[in-house]
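Step one of this worksheet: look at the structure below.
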Amino acid sequence: MKTRFRLTNLDCANCAVKIEQHLRSLPGLQDSTVNFATMCLTTDTDDLKRLRREIKSIEPDVDIKPWRTAQFTAASEQTLNPLQNISIISVSILLLTILLLFENRLHEAHLGTLEYVIAGVAYLLSGWNVLKSAFRTIMDRQWFNEHVLMTIATMGAFAIHALEEAVGVMVFYQIGELLQNMAVSKSRTSISALLEIRPDYANLRTGSETKRVSPESVNAGDIIVIRAGEKIPLDGEVIDGTSQINTSVLTGESVPQVVRSGDKVLAGELAMTGMLTVKVTRSFSESSVTKILDLVENAAGKKAKTEQFMTRFSRYYTPAVVILASIIAVVPPLLIPDQSFTVWVYRALVLLVISCPCALIVSIPLGYFGGIGGASRQGILVKGSNFLDALSRIKSVVFDKTGTLTKGVFKVRNIVPSENYDENEVLRCAAIAEYNSNHPIAKSIVQAFTERGGSFDDFRISEHHEISGYGVKSVCGNQTITAGNDALLHMQNIAHPVCETEGSVVHVSNNGNYMGYIYIGDELKEDALLTIKSLRDAGIKDISMLTGDNFKAASEVASKLTLDRFFSSLLPEQKVSQFEKILNEKDHDGLVAFVGDGINDAPVIARADVGIAMGALGSDAAIETADVVLMTDDPSKIVQAVHIGKHTRSIILQNIIMALGIKLIFVGLGSMGLAGMWEAVFADMGVAVLAVLNSSRALNVSRL
């Protein structure tokens with residue numbers, strides 16, 4: 001059982017990585033994950049004392065508290081006091097300015113001691129936190145982190161009398177830290193705003209009284225009241241009232257929907273007009289809003305390969321730079337005549353300042369989390385940054401038909417009886433067979449029967465059997481009635497005049513005698529054709545369809561949508577084997593996605609490189625199985641999900657190229673003596689700020 005905790009006073013991405021790596025090295029904590037974007041620790045234990053002890057051994061300033069979703073916004077608060085930091089920086093800059101203006105005069109007046117006093121005060125004032133952290137790191141025998149590197153570099157600068165550079169590095173490092181913290185705080189605030197859909201209260205009706213209570217205290221079956229302007233606190237069914245509902249926080253749809261008695265509403269939606277009386281159908285822990293929050297907050301546990309690589313990279317990168325700096329400091333003066341140790345030591349110190357990998361460590365998880373949070377605002381739930389990456393690499397998409405590309409709203413279009421039977425008899429027997437089935441086609445047949453004046457009062461259905469992939473069989477009195485596809489007739493050796501028919505049909509037999517068939521109509525979704533075209537424009541090479549419907553019904557849909565291929569008359573287990581063939585026969589190195597309704601297609605969704613469940617919010621099978629859950633029935637959301645994946649990945653790649661590129665350039669310049677301490681600070685903190693600001697663009701998915 002995973003447990004979440006909130007970390008406080010964690011203002012360094014590198015520190016978050018250290019905490020995560022340390023916890024993962026301990027027995028029973030190997031699956032621990034630290035999300036720097038949300039200040040969230042997810043781990044396998046609820047032992048708060050043990051966790052606090054272990055974290056304090058790595059980062060004494062960081063504390064841990066129990067996690068509550070309501071406290072998420074607190075994670076965006078910075079532990080440092082900006083005004084205090086600005087005051088310290090201002091005084092340090094003033095002392096640095098005095099040092100720069102009066103250094104020569106102090107030398108001429110033989111006041112070198114005063115020069116060191118001014119520099120020392122400015123240095124300690126601006127760099128005290130860095131020095132303290134470096135000391136703790138060395139005492140813990142960890143040796144390499146940004147603060148140790150800064151300390152070595154600046155003390156080395158003092159040793160070679162580069163006082164201004166030593167103080168300047170600390171001052172501008174603090175300025176960079178402040179700007180970075182402000183940028184991270186802004187990103188966290190934007191991310192937390194995405195998750196503020198959690199309702200704060202529910203109006204519980206007990207008898208004639210209505211009282212305000214916590215949503216967690218309301219049970220399924222209770223009655224709640226939602227007034228205009230209030231968030232719907234729990235999933236339920238409207239039993240009285242009419243209102244316009246804003247569903248954008250869940251689905252990304254801006255057009256309000258009108259709900260009335262009998263309609264379902266979901267937690268997190270906003271009642272805009274009127275008052276609703278709702279019967280709660282799910283407890284808060286099972287509600288739609290809780291599932292969304294859990295998915296988004298836990299997404300950091302499934303890291304993309306890029307994140308995993310950068311974590312490993314930083315482990316070796318910093319020691320490698322220290323070794324390189326040591327070589328630069330010692331080897332050239334020994335091997336090259338007339339070279340000064342002071343010059344090369346200075347260049348080595350510049351290299352140490354440049355080397356911190358913080359820009360990458362902080363910006364990459366922020367970028368991915370921003371993409372996941374932005375996607376959720378559009379009604380697309382992505383379970384982890386690895387799946388966000390996978391969306392960007394999809395080259396083939398395989399669709400289910402019914403409920404995915406078509407509306408799945410079936411109606412009886414035509415009844416074709418065989419000899420000796422009429423339409424009413426065929427429909428009556430079909431309705432008896434399908435009466436206890438929840439399949440959409442079954443419901444359409446029962447509905448057609450009742451609309452024609454039929455009644456089930458005189459029927460006594462004693463047996464009902466679902467035959468998966470084929471149809472149903474029911475016993476009513478002395479009648480054994482079957483209703484299903486052509487394969488069911490062949491299975492039971494029932495003679496029938498026609499096998500291939502237009503569209504979706506249900507064949508009906510009574511006591512082994514073929515009665516005829518019922519033609520069931522379905523319609524394409526309005527945006528299905530546009531979805532296929534947009535996927536091709538997005539670079540999808542192959543678009544296929546798997547369906548249990550017969551060849552002619554599948555062919556009609558595939559032709560209208562110009563699909564590359566389709567496979568019809570498939571049983572659930574045959575869908576999996578056919579999908580395996582598609583995976584094995586693909587002619588590209590991209591990934592294959594499957595899009596289905598999330599329940600019947602769960603096995604294929606689980607097998608796909610990227611499993612996408614459509615319109616499946618509230619379906620436990622969809623939430624558990626799918627990698628991506630779309631909260632509406634619009635197939636066009638798939639296109640948007642692909643674009644979000646590509647948009648986020650491009651931002652991550654930009655950060656990697658920018659950070660490593662600039663650092664490598666300045667490493668070269670510093671090694672040749674063309675860049676000093678001032679430039680080194682920009683290569684470190686300046687790049688980190690730019691990378692964080694660039695990562696915040698991942699939130700702006702609404703502009704795609």
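These numbers come from the heavy atoms of this one structure, side chains and all, not from hydrogens, waters or symmetry mates. Everything numeric here is computed off the predicted structure, so don't read it as measured data.
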**Asked** Do the non-hydrogen side-chain atoms of V595 and D400 ever get within less than 4.5 Å of each other?
**Response** no
**Request:** Let me see the working for D601 and R607 under salt bridge (charged side-chain N to carboxylate O under 4.0 Å, His left out), right down to the final yes or no.
**Result:** CA-CA 10 Å; D601 298 307; R607 178 61 189 89; over 6 Å; no
**Prompt:** Heavy-atom distance under 4.5 Å between the side chains of V628 and L391, does that happen here?
**Reply:** yes
**Request:** List for me each residue that meets salt bridge (Lys or Arg N to Asp or Glu O under 4.0 Å) alongside R413, sequence neighbours excluded, and say none if there are none.
**Result:** E523
**Message:** Distance alone, cut at 3.5 Å: any donor-acceptor contact between the side chains of H464 and E466?
**Reply:** yes
**Request:** Look up atom CG in L583 and atom OG in S396, then write down how far apart they are to the nearest 0.5 Å.
**Result:** 8.5 Å
**Asked** Any idea which heavy atoms bring T648 and G371 closest together, and the distance?
**Response** OG1-CA, 3.6 Å
**Message:** Return the CD1 to CZ distance between I432 and F459, rounded to the nearest 0.5 Å.
**Reply:** 4.0 Å
**Item:** K586 side chain vs G590 backbone, donor-acceptor pair below 3.5 Å
**Value:** yes
**Asked** Do Q447 and R452 meet the criterion of a side-chain donor-acceptor pair at a distance under 3.5 Å?
**Response** no
**Asked** Can you check whether I612 reaches V397 side chain to side chain, under 4.5 Å on heavy atoms?
**Response** no
**Request:** Would you check, one step at a time, whether the test ring-ring contact (aromatic ring centres under 6.0 Å, His included) holds for F456 with F449?
**Result:** CA-CA 10 Å; F456 293 92; F449 177 66; 5.1 Å; yes
**Donor on one side chain, acceptor on other, H588 and D542, under 3.5 Å** = no
**Item:** Shortest non-hydrogen contact between Y514 and A495, atoms and distance
**Value:** CB-O, 3.2 Å
**Request:** Would you name the heavy atoms of L405 and A528 that are closest together and state the gap between them?
**Result:** O-CB, 3.7 Å
**Request:** Give the minimum heavy-atom separation between K443 and S437, together with the two atoms involved.
**Result:** CG-O, 4.4 Å
**Item:** No-hydrogen, no-angle side-chain donor-acceptor test under 3.5 Å, D522 and T406
**Value:** yes
**Asked** Out of V610, V576, L546, which one pairs with F594 under the side-chain contact (heavy atoms from CB on, under 4.5 Å) rule?
**Response** L546
**Asked** Ion pair present between E526 and K407, side-chain N to carboxylate O less than 4.0 angstrom?
**Response** yes
**Prompt:** Would Q654 and R649 count as a side-chain hydrogen bond (donor to acceptor under 3.5 Å, both in side chains) if you check the C-alpha gap in whole Å, the side-chain angles of each, and the deciding distance to 0.1 Å?
**Reply:** CA-CA 9 Å; Q654 288 167 16; R649 184 165 176 79; over 6 Å; no
**Message:** Any salt bridge linking R393 with D589? Criterion: basic side-chain nitrogen under 4.0 Å from a carboxylate oxygen.
**Reply:** no
**Request:** Using distance alone, with no hydrogens and no angle criterion, decide if T42 and R4 have a side-chain donor and acceptor under 3.5 Å apart.
**Result:** no
**Message:** To check you understand the geometry: which heavy-atom pair defines the closest contact between V472 and L488, and what is its length?
**Reply:** O-CD2, 4.3 Å
**Prompt:** How close do D627 and A608 get, heavy atom to heavy atom, and via which atoms?
**Reply:** OD2-O, 4.4 Å
**Request:** Hey, could you give me the CD/CD1 distance between Q492 and I467, rounded to the nearest 0.5 Å?
**Result:** 5.5 Å
**Donor-acceptor under 3.5 Å (H507 side chain, V505 main chain)** = no
**Asked** Do D634 and S636 get their side chains close enough for a donor-acceptor pair, meaning under 3.5 Å?
**Response** no
**Prompt:** Between the side chains of N510 and Y421, is a donor N or O closer than 3.5 angstrom to an acceptor N or O?
**Reply:** no
**Any side-chain heavy-atom pair of T632 and K637 under 4.5 Å** = yes
**Request:** Tell me, with the steps shown, if E269 and K231 meet salt bridge (charged side-chain N to carboxylate O under 4.0 Å, His left out).
**Result:** CA-CA 6 Å; E269 296 175 340; K231 291 178 185 175; over 6 Å; no
